[in-house]
Amino acid sequence: MRQFSPSTFACTMLTVQLPDGSQKQYESSVSIYDVATDIGPGLAKSAIAAEVDGKPADLSKRLPDSGQVSLRILTKRDPEALGILRHSTAHVMAQAVMRLFDGVQLAFGPTTATGFYYDISCPEPISEEDFPKIEAEMKKIVKENERFERLDQPRAEALALCGEMGQKFKVEHIETGLADESHLSFYRQGEFVDLCRGVHIPSTSHVGKAFKLLSVAGAYWKGDASREQLQRLYGTVFFDKKELEEHLHRLEEARKRDHRVLGKQLELFHIDTTAGSGFILWLPKGAIIRGVLEEFIRNELRSRGYQAVYTPHVGRVELYETSGHFPYYKESQFAPLCEHDAGGLVEFWMDQLKEGTLDADGEAKLLDAARLMGFDGQLDLESTSEERLAALNKWAHEHERYLLKPMNCPHHIMIYKSKPRSYRDLPVRLAEFGTVYRYEQSGELSGMTRVRGFTQDDAHIFCTEDQVADEVRGCIEFTLKALKSLGMENYRARLGFRDPDSTKYVGSPEQWDRAEKAIEKVAREMNLPGCEPEPGEAAFYGPKIDFVVTDCIGREWQLGTVQLDYNLPSEARFALEYTGADNTQHRPVMIHRAPLGSMERFIGVLIEHFAGAFPLWLAPEQVRVLTVSDKSEEYGRQVEKQLTAAGLRASGDYRGAKLGAKIREAQLELIPYMFVVGEKDRDNGTVTVRDRIDGDLGAMSVEDAIAKLQEEIASRQVRQVAEQTVGAEVSDRGAKNEY
């Protein structure tokens with residue numbers, strides 16, 4: 001008889017390692033759900049999905065027959081679970097739509113930070129009036145408790161299945177976007193089958209009742225405006241109704257605070273397609289807010305040893321090739337401005353060669369067209385693609401090409417290089433309110449928060465290695481002072497580090513390690529909240545600290561940033577130098593910092609944060625004089641002159657309208673203070689002060705009233721920001737996209 005040792009027997013068993021350090025052993029293959037049941041019926045009932053060796057998995061997944069796996073079972077208490085729930089609810093919504101409407105074609109249905117959407121094509125347009133019946137059908141599907149079943153298919157069978165279902169977008173995506181995949185997965189619940197990588201909740205009943213369809217918008221297939229137009233149905237879902245109600249309350253608050261609406265009502269900014277989509281026209285009142293903020297920053301810059309500079313709005317393409325911004329940002333940049341008529345065509349030609357999309361006939365036609373436009377480059381179509389690309393690049397470099405400035409830093413680098421530098425000169429701190437340009441897709445533009453031209457409160461510090469910690473600390477202190485002055489003290493610091501598996505970063509791993517350790521050390525010494533490294537969030541040239549601010553209704557905004565850069569000064573880029581104490585050449589370190597970031601985006605956020613009711617020091621109009629009757633007009637005008645002479649932004653309402661109507665109008669325009677003047681005030685040299693927040697403060701002498709406002713302005717008081725009434729949005733780190 002054959003003998004088995006204990007170790008031989010153990011090798012045929014499966015060992016499941018659990019997060020608490022305990023283990024479960026099985027003699028045959030089991031599903032994750034079986035393990036959950038073995039741990040306890042309560043866990044099996046509440047389980048949503050799992051992680052096996054760190055990778056997401058459905059509860060129905062069977063574990064291997066032997067060996068060891070690490071298993072983490074997810075319930076609704078785990079942050080990843082919400083994303084999985086939303087991903088699955090997007091499928092339920094699509095299933096309901098297909099039950100109610102004929103000829104529906106499905107595109108993609110990813111989760112978002114606050115919910116989910118599904119892009120569809122439907123012969124009968126869907127409107128928000130259809131939402132109640134779609135939600136009613138979704139409730140039926142939830143009640144049917146259909147199991148989410150994963151189907152793995154070889155590529156050919158997957159393609160055939162999508163063809164049989166008549167889903168042309170899925171067929172195209174398998175043929176193009178998934179061309180390298182040998183096997184694909186689908187998920188089925190009831191009659192509904194969808195191409196999807198998963199993972200999903202166990203069954204439709206887990207969706208529960210806390211879901212809501214929110215809106216419908218236009219979209220394009222794969223974001224390409226030249227392709228089919230689709231409808232994008234947005235929705236959200238939570239694990240319980242209270243969370244849903246809180247989220248809907250946040251949305252309602254956000255609608256009330258929408259900076260696009262308030263900006264128009266309060267006459268702060270204007271966007272006109274005739275002038276250009278994505279470009280802000282600052283109206284006088286909005287320009288005041290921006291000017292006050294800029295002056296605040298300039299005063300801080302002067303006190304902190306910065307030198308103001310100005311740089312042009314365009315630069316040679318070669319400058320941005322050296323920095324790496326071109327081609328890194330090429331897809332989101334405006335096309336180069338070419339000196340030669342054929343320049344644009346040659347740019348297109350080079351792009352096609354790099355992408356490998358040109359055939360011989362197409363390239364011959366491009367050459368003929370270029371020759372007609374005066375192209376005189378030495379090019380042999382029989383040479384290799386690399387040789388042809390080099391010839392075209394040589395010709396392009398011989399003819400000037402300019403780019404709308406995507407970043408200010410290359411220009412500041414050239415200012416640093418304009419003369420020799422000594423270690424005694426360092427740190428050199430150069431600052432500019434510099435306007436930069438990005439060609440955002442039209443569908444991504446959003447008021448002031450997503451634009452094509454924006455001005456940064458930008459600065460760059462060139463320093464020695466020994467000065468890095470103090471300079472980074474100074475940048476952080478500057479940023480925190482700016483945020484505090486605006487009542488934005490609910491923030492966290494996000495450490496953006498390099499993703500070692502990504503190819504988008506420039507520079508050596510050793511440089512990155514040194515830079516990441518330096519900024520993390522300073523951030524932790526200053527006890528900044530958050531401070532958890534997030535791989536993949538770095539700038540392409542260096543790690544950074546982003547300040548993520550939570551506004552008064554719980555939304556997060558990434559505003560100020562401090563970035564440490566060993567790469568742009570390097571020999572491979574701009575070869576920056578300074579003469580050290582040893583009389584030899586050394587390489588400086590570069591710090592990029594912007595306390596507010598984009599002025600457009602920051603002020604858009606401020607409008608929503610304050611709901612248009614700016615603190616006194618920032619308000620476009622700080623005080624309005626209101627007359628009780630015509631008899632007090634002359635005195636009212638005298639008071640207005642005193643206010644403006646004292647440096648206050650004031651106006652007067654001398655109409656014959658009733659005082660109550662004047663007060664209501666000033667309140668609607670969110671004026672911080674009103675000085676009401678009547679005959680008694682005229683005789684006593686007083687004003688009756690009305691505060692937007694506290695109401696009637698009574699009579700004061702004009703001098704005392706002005707002193708009160710000046711004190712509030714000088715201290716930059718933020719006396720009122722609406723309290724956050726609900727918790728911040730729960731993050732979802734679940735599945736972000738379908739196939």
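Keep in mind the model is a prediction, meaning the values are calculated, not measured.
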Exercise. Can you tell me if Tyr187 and Arg150 form a side-chain donor-acceptor pair at under 3.5 Å?
Worked result: yes

Is it true that the side chains of Ser203 and Asn145 contain a donor and an acceptor less than 3.5 Å apart?
yes

Quiz item: With a cut-off of under 6.0 Å to the ring centre and 45° to the axis, is Arg452 in cation-pi contact with Tyr439?
Solution: yes

(request) Report the relative orientation of the aromatic rings in Phe148 and His200; use parallel for angles under 30°, tilted for 30 to 60°, perpendicular for over 60°. (result) parallel

**Study point:** Ring centre gap for His87 and Phe116 strictly below 6.0 Å
**Key:** no

In sequence, state the C-alpha distance, the side-chain angles, and the governing distance for Tyr234 and Arg232, and then conclude on side chain to side chain contact (heavy atoms under 4.5 Å, CB included).
CA-CA 6 Å; Tyr234 285 96; Arg232 178 168 292 178; 3.1 Å; yes

Sequence neighbours excluded, the answer for ring-ring contact (aromatic ring centres under 6.0 Å, His included) partners of Phe497 is none

Show the numbers, then the answer: is there a side chain to side chain donor-acceptor pair (under 3.5 Å) between Lys544 and His592? CA-CA 9 Å; Lys544 59 180 180 172; His592 311 241; over 6 Å; no

- Query: Under 6.0 Å between the ring centres of Trp221 and Phe108?
  - Reply: yes

So side chain to side chain donor-acceptor pair (under 3.5 Å) across residues 93-107, not counting sequence neighbours, yields Gln95-Gln189, Gln95-Glu191, Arg99-Glu137, Arg99-Glu144, Arg99-Glu191

Next on the checklist: Has Arg86 got a side-chain atom pairing as donor or acceptor with Val237's backbone, closer than 3.5 angstrom?
Outcome noted: yes

Side chains of Lys212 and His247 only: does a donor on one sit below 3.5 Å from an acceptor on the other?
no

Check your understanding: Do Leu14 and Pro64 touch side chain to side chain, with heavy atoms closer than 4.5 Å?
Key -> yes

